[in-house]
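Written out below as structure tokens is the structure these notes cover.
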Amino acid sequence: MTTSRRQTSLATLITTGTLCGGLLGLGREAHAAEEPEADAPPPPPPPPPQSIFVAGATGATGSLVTKRLASVAPDVNLIAACRSATKAAELKLNETGATIVENLDVTDVNSIKRALKAAPGGVPTTVVCATGFVPGWNVLKMGELAHAVDNVGTKNLVDASVELGVKNFVLVSSILTNGRAIGQEKSPGFVITNAFGGVLDEKLEAELYLRKSGLRYAIVRPGGLKDAGVEPAGPIVLAAEDSAFSGEIGRDRVAEVVAEYALRTVGLSAIPMNDMPGMSMGAGEKVHTMDGFKENHVVEIIEKTSCIGDGDGCPSSPALGVDTSALKAFA
């Protein structure tokens, strides 16, 4: 059988084309195999660092709060805001690892905004207000100072926190701030404390302002403050709002409770809390305490047996230690 030249040429073309096509295909496959895979999508940015800003960090209580936070939560971005970096150094706050922000004046809202913006990592997650006026020898000035610091100063701190996007606010206040409304206006504790420039009335105004601010808050109301290191008068009592009419507590123990509230706003805890030594739950406070450290909460703290009149006005409570692992988070 013979094949025409035309058939041969056509067969050759077809064969050649098929082979070329196959070779080209193989070449394309080989080239594709050599090409790098498409880049994977970039990982999401890390969450902003959790940070706690302590206003009044060089005060008698604020310095202890700062040191407590630095001790139990060294990885938290801690900002110690104060008037003077020199005083912060004298108190050795610069050795805690905290960022020192000086020239804080709570009577000037712009000063507060500058301090909050100066915090490394951006606006802090939580503000702890441990400010308070210091009574001087000039009794005529006490009312003015109490109003400027404990009332207006705290309100300024609240306003700046709201404006800049702070989420949580822990306020150190005092028992009996609401004394007039709960029949304690003539009690020794109210009369003596409020004699210092009407400070309880000023603190109450600041508390009410915070509660209406929209911030998630915790208000810690300690009894009469004793210097750190003074022998404790028994276990700490966590009492319900407006139930502790007298009593004292060491500043160092106040700092432990305040720090615990602040830590829980950022999902941490210095467990167990009964490392303080001894803590008990106030009467009727079992549910509150075991469900405690929640947002929008007020707690009053004193040392059991420190109350006036053989326990009169001191919340009745069993000497029962509280393990904070059983407590719910602030959020």
Side-chain angles (χ1 to χ4, degrees), residues 59-69 71-72 128 130 132 170-179 182 184 187-194 196 199-200 203 218-264 269-286 288-290 292-293 297-324 326-327:
T61 301
S63 60
L64 296 173
V65 172
T66 302
K67 290 176 180 178
R68 171 70 176 177
L69 287 168
S71 172
V72 300
V128 175
V170 180
L171 173 62
V172 184
S173 187
S174 173
I175 62 170
L176 292 172
T177 52
N178 200 31
I182 57 175
Q184 294 298 309
S187 69
F190 184 90
V191 171
I192 293 170
T193 306
N194 213 42
F196 292 93
V199 66
L200 292 177
K203 285 181 180 293
I219 298 172
V220 180
R221 293 175 173 175
L225 295 170
K226 302 186 294 184
D227 288 336
V230 175
E231 185 68 23
I236 296 174
V237 174
L238 294 180
E241 180 179 358
D242 294 336
S243 68
F245 302 153
S246 65
E248 297 178 320
I249 187 167
R251 291 182 187 272
D252 49 349
R253 304 180 93 183
V254 174
E256 291 176 319
V257 175
V258 171
E260 183 66 22
Y261 270 90
L263 287 173
R264 286 182 176 270
S269 175
I271 296 174
M273 198 170 184
N274 54 6
D275 276 348
M276 298 194 228
M279 173 171 285
S280 59
M281 295 181 290
E285 272 298 280
K286 184 170 184 179
H288 260 308
T289 304
M290 298 309 290
F293 299 105
H297 184 61
V298 179
V299 65
E300 300 185 344
I301 54 173
I302 55 176
E303 290 171 355
K304 192 177 182 184
T305 76
S306 69
C307 304
I308 296 172
D310 193 26
D312 180 37
C314 191
S316 174
S317 57
L320 179 62
V322 176
D323 182 347
T324 53
L327 298 177

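FYI, side chains are in, hydrogens and waters are out, and symmetry mates aren't considered; it's all heavy atoms of this structure.
To the nearest 0.5 angstrom, Leu69 atom CG is 11.0 Å from Glu256 atom CD. Separating the CZ atom in Arg253 from the CG atom in Leu225 is a distance of 13.0 Å, to the nearest 0.5 Å. The CD1 atom of Ile219 sits 10.5 Å away from atom NE2 of His297, with the distance rounded to the nearest 0.5 Å. Atoms CD1 and CZ, from Ile175 and Phe190 in turn, are 11.5 Å apart once rounded to the nearest 0.5 Å. Between the OG atom of Ser187 and the CD1 atom of Ile182 there is a distance of 8.0 Å, given to the nearest 0.5 Å.
Looking at residues two or more places apart in sequence or on another chain, you find a side chain to side chain contact (heavy atoms under 4.5 Å, CB included) between Thr177 and Ser173, Ser174, Leu200, Lys203, Leu204, Glu207, Arg221. Taking Val230 as the reference, Lys226, Asp227 meet the side chain to side chain contact (heavy atoms under 4.5 Å, CB included) condition, with sequence neighbours excluded. Every residue two or more places apart in sequence or in another chain that forms a side-chain hydrogen bond (donor to acceptor under 3.5 Å, both in side chains) with Thr61 is listed here: Arg251.
A donor-acceptor pair under 3.5 Å is formed between the side chain of Glu300 and the backbone N or O of Asp242. At distances below 3.5 Å, not a single donor-acceptor pair connects side-chain atoms of Ser71 with backbone N or O atoms of Lys67. The backbone N or O of Leu176 lies less than 3.5 Å from no partner atom in the side chain of Gln184, so there is not a single donor-acceptor pair.
Nearest heavy-atom pair across Val199 and Thr193 is CG1-O, 3.5 Å. The nearest pair of heavy atoms linking Gly223 to Ile249 is N-CG2, 3.8 Å. For the residue pair Asp252 and Leu64, the shortest heavy atom distance occurs at N-CD1, 3.7 Å. Here the shortest heavy-atom pairing between Arg68 and Ala259 reads CG-CB, 3.4 Å. Considering every non-hydrogen atom in both Ala218 and Tyr261, the closest pair reads CB-CD2, 3.3 Å.
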